[in-house]
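Worth knowing before you read on, the calculation uses all heavy atoms, side chains too, and leaves out hydrogens, waters and symmetry mates. All values reported here derive from a predicted model rather than from experimental measurement.
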Amino acid sequence: MKGKYKAAIALLLLFILLPLTLLLTLAYWVPTLAGIWLPAGTRIVFEESPRFTRHSLQIPDLHYLIEDCPVALVKNAQLTHPSRWKLDIGSLDINTSCLAKLPETEPSPGAPTTLAEWQSMLPKTWVNIDRFTVSPWQEWQGKISLALSKENQDLHYDGDQVSFKARLRGQMLTLTQMQLRLIEGEPPVTLGGEFVLPNVPNGIPVNGHAQTTLTLPTEPSLVDADLEWRNNEGQLIITARDNPEPILDLPWQATRERLTISDGRWNWPYQGFPLSGRVGLRIDGWQEGLQKAEISGRLNVLTQGDAGKGNAVLTIGPGRLNMVNSDMPLQLTGEAKQGEMIFYAVLPAHLTGGLSDPTLAFTPGALLRSSGRVIDALNIDDIRWPLAGVKVTQKGVDGRLQAILRAHENAMGDFVLHLDGQARDFLPDDGLWQWRYWGTGNFTPMNARWDVNGRGEWRDKTILLSDLSTGFDQLQYGTMHVSSPRLVLNEPVRWLRDEDHPFFSGALTLDAGKTTFTGGSVLPPSTLTFSVEGSEPTIFQFKGDLRAEKIGPVRVNGRWDGERLRGQAWWPRQSLTVFQPLVPPDWKMNLLDGSLYAQVAFSAAAGQGFEAGGHGVLRGGSAWMPDNQLSGVDFVLPFRYREGNWQLGTRRPVSLRIGEVVNQVTARNIAADLQGSYPWSEENPLQLSNVSIDVLGGKVTMSQLRLPQHDPALLRLRNISSSELISAINPKQFAMSGPFDGALPLWLDNNGTWIIKDGWLHNPGPMTLRVDKDTADALVKDNIAAGAAINWLRYMEISRSWTTLNLDRQGVLKMKAAIKGTSFVEGKSNTVNLNYTHEENVFALWRSLRFGDNLQSLLKQKAKLPAVPCANGKECEDKQ
């Protein structure tokens with residue numbers, strides 16, 4: 001009995017422990033058992049053993065390998081049977097690059113071959129996959145729900161980029177609610193239709209029809225797509241609702257050996273650059289998969305611009321495209337025309353590598369060229385991009401990048417620029433592109449030739465301009481001439497293109513030789529240094545200063561925000577003597593004393609133009625010239641400038657004060673204020689006011705002169721000494737003494753006849769007149785009848801005089817004088833009443849005098865001086 005008990009206990013332990021052992025060792029024996037049905041060379045691996053619970057089978061992970069390549073990875077799977085089998089999977093990742101390693105095998109005897117046989121094997125099952133991903137198209141990931149039975153198979157896919165519902169009943173496939181989100185910010189593409197699948201599921205559907213409505217990117221027009229086929233041929237037509245011409249028309253035929261698209265047509269009339277053409281494509285062995293399919297085809301592109309029509313052809317293959325190692329020759333040949341630009345291309349290339357990471361390599365002879373007109377004035381004679389040896393991958397561009405540009409601008413001149421560099425896996429803000437550049441050109445407006453050269457690089461998110469040297473051999477405009485200006489880098493220009501911490505900086509110097517101006521003025525060799533700092537080239541602050549030997553520094557700072565330039569410049573107090581080189585030698589002016597300082601704020605923008613405002617101040621200025629001396633000059637100039645107009649005097653008028661001007665006539669305490677607009681207008685006049693001069697022992701004043709002028713500006717003379725005036729003129733024929741007053745109505749901005757109209761002079765007190773004895777004797781001798789009258793004027797005391805003056809724009813002065821006084825001759829006295837009329841061209845008179853040049857130059861702007869007759873009777877040039 002004891003042996004029977006032992007055997008029973010052993011059997012009981014065997015029936016208990018064996019299932020338990022099998023459950024605990026699922027990770028070891030299941031892969032081996034599954035290997036019986038798996039294709040050769042494939043296997044499954046568990047990292048964590050599956051386990052049973054009361055109601056489910058839990059599979060933490062499952063790896064399906066082809067050799068050592070993980071083609072599928074299952075995470076967090078759970079199998080239950082509430083009313084039918086239900087499989088829930090946390091994630092399923094498919095790696096398509098491993099499929100190329102799947103060995104070819106013959107189908108097992110008795111294996112299902114038809115669609116109906118496959119469907120008959122399906123149990124009633126629910127399958128849910130929370131995250132389904134196919135590499136390398138991870139952006140198309142989504143959630144899958146399957147409801148399977150022998151009669152119906154329902155599929156629901158929900159992802160960010162694509163979602164759809166489909167039902168398969170026998171051979172009839174119905175697709176509903178399909179949405180493709182191809183472009184961010186654009187409405188999704190919707191698609192629906194019914195298809196009849198072949199009984200043997202190794203080809204395209206037997207027949208079908210699908211329709212959809214699409215919204216084109218950046219275009220408001222809707223397009224309708226219609227796909228229809230029967231048996232082994234069909235046609236895809238895409239048509240815009242506002243254009244009867246199809247955007248795409250692809251007729252196709254399919255056999256077991258070949259898929260052919262023949263005489264396809266396409267048309268793209270949008271975005272201002274209409275394109276059209278034809279397409280043909282042939283895929284041999286297309287049912288054997290991409291591994292063995294051979295692809296060849298041809299696509300041509302027709303363009304039309306102001307320069308005519310263009311045609312370019314893209315030749316494809318013959319070659320292969322697959323997930324591991326593609327081998328596809330390509331060549332783009334022809335020309336394209338847009339506007340007045342023409343592009344020429346001969347671009348042979350070779351596509352290699354897997355479709356998930358292809359490499360496009362341009363082969364010898366690859367060249368892209370262009371010519372034409374970019375804008376109305378700039379003509380591109382030729383621009384060349386040699387591309388042989390350049391490779392393009394997902395990592396970026398690799399190889400030597402070159403460009404040669406020859407162009408000219410009708411008014412500005414011609415130039416040639418070269419760019420040569422090396423790229424290593426370069427994409428914007430990723431990889432490395434190092435370059436150098438050089439070029440020469442002519443700047444026609446200033447009769448100059450320029451050159452440029454430098455180096456730089458774009459490394460990841462940093463663009464660095466490490467070297468720059470550019471300049472002109474000269475700049476000549478009118479009578480201005482600048483010697484050899486040149487711009488160089490003091491510090492590299494660096495731009496860090498980081499979204500969180502962008503940075504832009506650099507420092508430059510502009511050196512120029514001496515600058516000469518009209519009349520011999522010379523600005524000594526000058527240097528402008530400035531630096532920039534900001535977040536990017538369109539947003540930065542700048543500061544710098546300008547020096548020209550002893551002149552300066554003029555300090556400048558400001559900012560550029562991408563739309564407007566703002567800044568300010570200030571000139572610290574500096575001695576006036578440093579500006580001596582700017583005084584033309586012909587002026588014979590020697591600057592002796594004084595100081596100058598100024599401050600200006602400015603801004604500039606595309607729609608606004610240039611605007612500025614500020615003030616300049618001259619204090620204690622003095623200068624010496626052979627004919628006169630100036631001292632005590634104070635000048636304050638507040639101003640604003642906008643749209644070509646100057647606003648002189650803003651919060652206060654422009655102020656001029658001169659302590660003394662020593663000439664043939666010494667003038668002291670000269671004062672004048674100026675306020676208004678230049679050029680002036682009725683709405684914005686210019687006013688000269690508070691003019692006063694102490695001269696000839698008296699004072700000359702003018703209260704106001706308004707431009708444009710409607711009323712005369714009244715120039716008043718008070719207590720002017722006639723003796724000082726006569727001494728200044730220094731006539732030897734007569735002498736006068738005593739004061740006189742007067743008023744001269746001035747017309748300076750008037751299209752009429754007069755400069756002075758109805759002016760007058762009179763003596764407020766006694767005056768005396770003496771005629772030189774020799775002059776009087778000569779007059780008596782020449783005219784005995786007038787001798788008595790001349791004798792009255794040898795010495796006369798004038799008690800009352802009144803003189804009227806009129807000066808026209810030709811310089812003709814007409815004067816009428818009524819003089820009453822007492823004549824003393826040879827101890828006798830006689831009462832004299834003298835009426836005197838005089839007419840003379842004062843412009844001719846001024847030619848004989850050394851003073852009055854400034855007044856004459858003012859009047860010459862308003863009136864034409866009479867010509868000086870030459871010996872030959874012709875008119876000569878008026879010379880002072």
Separation of [Y] [atom2] from [X] [atom1] (nearest 0.5 Å):
{"X": "Ser483", "Y": "Phe472", "atom1": "OG", "atom2": "CZ", "answer": "14.0 Å"}
{"X": "Leu508", "Y": "Thr529", "atom1": "CG", "atom2": "OG1", "answer": "10.0 Å"}
{"X": "Gln675", "Y": "Arg651", "atom1": "CD", "atom2": "CZ", "answer": "13.0 Å"}
{"X": "Thr509", "Y": "Arg486", "atom1": "OG1", "atom2": "CZ", "answer": "13.0 Å"}
{"X": "Leu807", "Y": "Met815", "atom1": "CG", "atom2": "CE", "answer": "12.0 Å"}
{"X": "Gln474", "Y": "Thr515", "atom1": "CD", "atom2": "OG1", "answer": "11.5 Å"}

Quick check: does any side chain N or O of [X] sit under 3.5 Å from a backbone N or O of [Y], one acting as donor and the other as acceptor?
{"X": "Asp808", "Y": "Gln810", "value": "yes"}
{"X": "Gln574", "Y": "Lys550", "value": "yes"}
{"X": "Asn663", "Y": "Val665", "value": "no"}
{"X": "Asn690", "Y": "Ala671", "value": "no"}
{"X": "Arg657", "Y": "Gly659", "value": "no"}
{"X": "Asn833", "Y": "Lys820", "value": "no"}

Please check if the number of heavy atoms outside [X] that lie under 6.0 Å from its [atom1] is greater than 12.
{"X": "Tyr795", "atom1": "OH", "answer": "yes"}
{"X": "Lys514", "atom1": "NZ", "answer": "no"}
{"X": "Arg640", "atom1": "CZ", "answer": "no"}
{"X": "Glu563", "atom1": "CD", "answer": "no"}

Side chains of [X] and [Y], heavy atoms from C-beta outward: is any pair under 4.5 Å?
{"X": "Phe639", "Y": "Val600", "result": "yes"}
{"X": "Thr837", "Y": "Asn835", "result": "no"}
{"X": "Gln580", "Y": "Val578", "result": "no"}
{"X": "Ile551", "Y": "Leu523", "result": "yes"}
{"X": "Pro553", "Y": "Leu546", "result": "no"}
{"X": "Leu805", "Y": "Trp760", "result": "no"}
{"X": "Leu637", "Y": "Leu648", "result": "yes"}
{"X": "Gln709", "Y": "Leu748", "result": "yes"}

Answer with yes or no whether the side chains of [Y] and [X] bring together a donor and an acceptor at under 3.5 Å.
{"X": "Thr527", "Y": "Asp511", "result": "yes"}
{"X": "Gln599", "Y": "His615", "result": "no"}
{"X": "Ser737", "Y": "Thr768", "result": "yes"}
{"X": "Ser689", "Y": "Asp673", "result": "no"}

- Task: Kindly indicate, with the supporting measurements, whether the criterion side-chain contact (heavy atoms from CB on, under 4.5 Å) is fulfilled by Leu705 and Leu746.
- Result: CA-CA 9 Å; Leu705 169 63; Leu746 296 179; over 6 Å; no
Closest heavy-atom contact between [X] and [Y]?
{"X": "Pro745", "Y": "Lys757", "value": "CG-O, 3.3 Å"}
{"X": "Gly620", "Y": "Asp634", "value": "N-OD1, 2.8 Å"}
{"X": "Val691", "Y": "Ala672", "value": "CG2-CB, 4.0 Å"}
{"X": "Pro739", "Y": "Pro766", "value": "CD-O, 4.0 Å"}
{"X": "Trp560", "Y": "Ala604", "value": "CZ3-O, 4.4 Å"}
{"X": "Ser677", "Y": "Asn684", "value": "OG-CB, 3.2 Å"}

- Query: After noting the C-alpha distance and the side-chain angles of Trp802 and Tyr836, does the key distance pass the ring pair (Phe, Tyr, Trp, His ring centres under 6.0 Å) rule?
  - Reply: CA-CA 10 Å; Trp802 186 269; Tyr836 174 70; over 10 Å; no
Going by atom type alone, with no hydrogens or angles, which donor-acceptor pairs under 3.5 Å involve a side-chain atom of residues 581-597 and a protein atom two or more places apart or on another chain?
from	atom 1	to	atom 2	distance (Å)
Ser595	OG	Arg573	NH1	3.2

- Under the side chain to side chain donor-acceptor pair (under 3.5 Å) test, which residues partner Trp450, sequence neighbours left out? none
- Message: Please report whether the ring centroid of Phe602 lies less than 6.0 Å from that of Trp570.
- Response: no
- Message: Test side-chain contact (heavy atoms from CB on, under 4.5 Å) on Asn806 and Trp754; report intermediate values, then the result.
- Response: CA-CA 7 Å; Asn806 289 283; Trp754 304 103; 3.6 Å; yes
Using a 3.5 Å cut-off and no angle test, enumerate the donor-acceptor pairs between side-chain atoms of residues 692-702 and protein atoms at least two apart in sequence or in another chain.
from	atom 1	to	atom 2	distance (Å)
Asp694	OD1	Lys699	NZ	2.5
Asp694	OD2	Asn669	ND2	2.8
Thr701	OG1	Arg718	NH1	3.1

- Decide, yes or no, whether a salt bridge links Asp561 with Arg566 under the criterion of side-chain N to carboxylate O below 4.0 Å.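 Judged by the 4.0 Å cut-off on N to carboxylate O distance, Asp561 and Arg566 do form a salt bridge.
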- Message: As a quick check of understanding, evaluate side-chain contact (heavy atoms from CB on, under 4.5 Å) for Leu707 and Trp680, giving each step before the final call.
- Response: CA-CA 7 Å; Leu707 301 173; Trp680 56 78; 3.7 Å; yes
- Under the criterion side chain to side chain contact (heavy atoms under 4.5 Å, CB included), which of Arg800, Met767, Met796 is the partner of Ile819?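 Of the listed residues Arg800, Met767, Met796, the side chain to side chain contact (heavy atoms under 4.5 Å, CB included) partner of Ile819 is Met796.
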- Item | Stepwise side-chain contact (heavy atoms from CB on, under 4.5 Å) test for Val554 and Asp545 | CA-CA 5 Å; Val554 180; Asp545 62 65; over 6 Å; no
